[in-house]
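Numbered from 1 within each chain, the chains take letters A, B, ... in sequence-line order.
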Number of protein chains: 2
Amino acid sequence: MIIILAMLKLTSHRETILKFINASNAHWDAEELARALSDSGKTIGIATVYRGLAALDEAGLIASVQLGDRKRYECADKKHHDHLVCTECGAIEEFVQAKIEQLQEQVAKENGFEITGHQLLIFGLCRGCRNA
Amino acid sequence: MIIILAMLKLTSHRETILKFINASNAHWDAEELARALSDSGKTIGIATVYRGLAALDEAGLIASVQLGDRKRYECADKKHHDHLVCTECGAIEEFVQAKIEQLQEQVAKENGFEITGHQLLIFGLCRGCRNA
DNA sequence: ATGATAATGATAATGATTATCATTCTTGCC
DNA sequence: GGCAAGAATGATAATCATTATCATTATCAT
Ligand SMILES: [Mn+2]
Ligand SMILES: [Mn+2]
Ligand SMILES: [Zn+2]
Ligand SMILES: [Zn+2]
């Protein structure tokens, strides 16, 4: 059904998790996802959800963002982007700013750093919450 | 001795914590700081260290960065900056990139967001770890 | 100095995530 | 198809950072 990388064993549970994430556009944390799966009749043990998410993330089949104290996952089939996080309602919006990405490389070079990843979180009030 | 904002009550413990942070150039988490204080003969209960750091941070007398799962604190008397984090040795370097800051404002505007804060973490290998 | 109020510290509680371990799948192979 | 080896699962205990409790103590305005 899906070509899974060699490092990952295909299991129905992982497939369920992967499909669920790919089918949505949200940023899920483990508990939320477990609840959603349960609500849709596909209950999976919470420990397995945690492990499945970590495995899929490591295999590059889904992406993750560390938001404050919890890790959230989203589908990986979109290009790299960063996030705007509303501190009022929790909404998460995405953006891409090529120039910022490029300037990060420059900063790294100036500091003798070899970049392996980055995370830019912009906190604030979303349009809705500003007007509320 | 120090002009403390009205919102914060001066206590010897908070003063100790503040001085310690200001005297160093590092990014401390609560446990590390408690241990360091203890080692220097000024033991402060761990709960008080947590509360003291949070209070000083809220008052703007020190600054904080959420690094992965733990919160780290540093002295606030430097201008805003972001961080380069070595995933190998844990070293944290600082940088300022005005253009990136400005582009963030632009991104926010484009999305109807009102920025209240941001955090840019660049992960990778520091010069030392690259050559090791 | 005195009292109102906030801070402290020992410790319990929380919340997210990981570790255990017995049981159940997957997959390669006959 | 049937089987064994090894990985995955799930219930639950364990961690780890941080916060909450609550009795005691310190601070600050009067
Ligand atoms: Mn996203
Ligand atoms: Mn810093
Ligand atoms: Zn909002
Ligand atoms: Zn390093």
Side-chain angles (χ1 to χ4, degrees), chain A residues 1-21 27-38 41-59 61-74 85 90 92 119 121, chain B residues 1-21 27-38 41-59 61-62 64-74 85 90 119 121:
Chain A
M1 175 144 296
I2 297 175
I3 307 294
I4 298 289
L5 304 183
M7 60 196 303
L8 183 64
K9 195 172 275 192
L10 170 67
T11 68
S12 63
H13 283 164
R14 285 174 179 179
E15 203 177 340
T16 298
I17 293 173
L18 180 55
K19 280 183 178 171
F20 205 102
I21 297 231
H27 301 75
W28 302 85
D29 70 30
E31 302 280 352
E32 285 173 353
L33 183 62
R35 214 175 311 124
L37 287 169
S38 190
K42 297 173 180 299
T43 303
I44 296 180
I46 184 64
T48 301
V49 172
Y50 270 103
R51 281 180 298 223
L53 287 170
L56 292 169
D57 186 22
E58 183 146 359
L61 295 168
I62 59 176
S64 62
V65 212
Q66 176 79 35
L67 262 182
D69 60 336
R70 65 180 71 185
K71 201 164 193 173
R72 291 180 172 279
Y73 298 85
E74 62 181 314
V85 182
I92 299 177
Q119 177 173 82
L121 295 176
Chain B
M1 177 151 299
I2 298 175
I3 307 294
I4 296 290
L5 305 183
M7 59 196 306
L8 183 65
K9 196 171 275 191
L10 169 68
T11 68
S12 63
H13 283 164
R14 286 174 177 178
E15 202 176 341
T16 298
I17 293 173
L18 180 56
K19 280 183 179 171
F20 204 102
I21 297 230
H27 301 75
W28 302 86
D29 70 29
E31 302 281 352
E32 285 172 354
L33 183 62
R35 212 174 313 125
L37 287 169
S38 189
K42 296 174 182 298
T43 303
I44 295 180
I46 184 62
T48 301
V49 172
Y50 270 103
R51 282 181 298 223
L53 287 170
L56 291 169
D57 185 21
E58 184 146 0
L61 295 169
I62 59 176
S64 62
V65 211
Q66 176 78 36
L67 262 182
D69 61 336
R70 64 181 68 187
K71 202 164 193 173
R72 291 182 171 280
Y73 298 86
E74 62 181 315
V85 182
Q119 176 173 86
L121 295 176

### Query
Roughly, in whole Å, what's the span from CG in B:D57 to C1' in D:dT18?
14 Å
### Query
Shortest non-hydrogen contact from B:S64 to B:D57?
OG-OD2, 2.8 Å
### Integer-rounded Å distance: D:dT9 C1' and A:K42 NZ
17 Å
### Message
Can you give me the closest heavy-atom contact between A:I17 and A:T48, atom names plus distance?
### Response
CD1-O, 4.3 Å
### Task
Find the distance B:E32:CD to D:dT18:P and express it as a whole number of Å.
10 Å
### Atom of A:L18, atom of A:L61 and distance for their closest heavy-atom approach
CD1-O, 3.8 Å
### Query
Paired stems touching DNA chain D, three or more consecutive Watson-Crick or G-U pairs with both distances under 3.5 Å?
C:1-30 with D:1-30
Considering only nitrogen or oxygen atoms on both sides, find all protein atoms under 3.5 Å from nucleotides 16-19 of chain C and state each distance.
unit_1 : atom_1 : unit_2 : atom_2 : d
C:dA16 : OP1    : A:R70  : NH2    : 2.3
C:dT17 : OP1    : A:K71  : N      : 2.8
C:dT17 : OP2    : A:Y50  : OH     : 2.9

### Message
Can you measure B:I17 atom CD1 to C:dG9 atom C1' for me and round it to whole angstrom units?
### Response
13 Å
### Message
Rounded to whole Å, please give me the gap between CG in B:L53 and C1' in C:dT8.
### Response
15 Å
### Task
Please name the pair of heavy atoms, one in A:Y73 and one in A:K71, separated by the smallest distance, quoted to 0.1 Å.
OH-CD, 3.5 Å
### Task
Compare side-chain N and O positions of A:T11 against OP1 and OP2 of C:dC25 and report whether any pair is under 4.0 Å apart.
no
### Query
For the side chain of B:R72 and the backbone of B:H27, is there at least one donor-acceptor N/O pair under 3.5 Å apart?
yes
### A:R14 CZ to D:dG10 C1', straight-line distance once rounded to whole Å
14 Å
### Task
Would you name the heavy atoms of A:F20 and A:A36 that are closest together and state the gap between them?
CZ-CB, 3.7 Å
### Task
Please determine if A:E31 and A:R35 form a salt bridge, counting it only when a charged side-chain N lies under 4.0 Å from a carboxylate O.
no
### Task
Tell me whether the OP1 or OP2 atom of D:dT27 has a side-chain N or O from B:H13 closer than 4.0 Å.
no
### Query
Quick one: does B:S38's side chain have a donor or acceptor within less than 3.5 Å of a partner on B:A34's backbone?
no
### Query
B:E15 CD to C:dA7 C1': how many Å, rounded?
15 Å
### Query
Which atom pair, heavy atoms only, marks the closest approach of A:G68 to B:Q66?
O-NE2, 4.1 Å
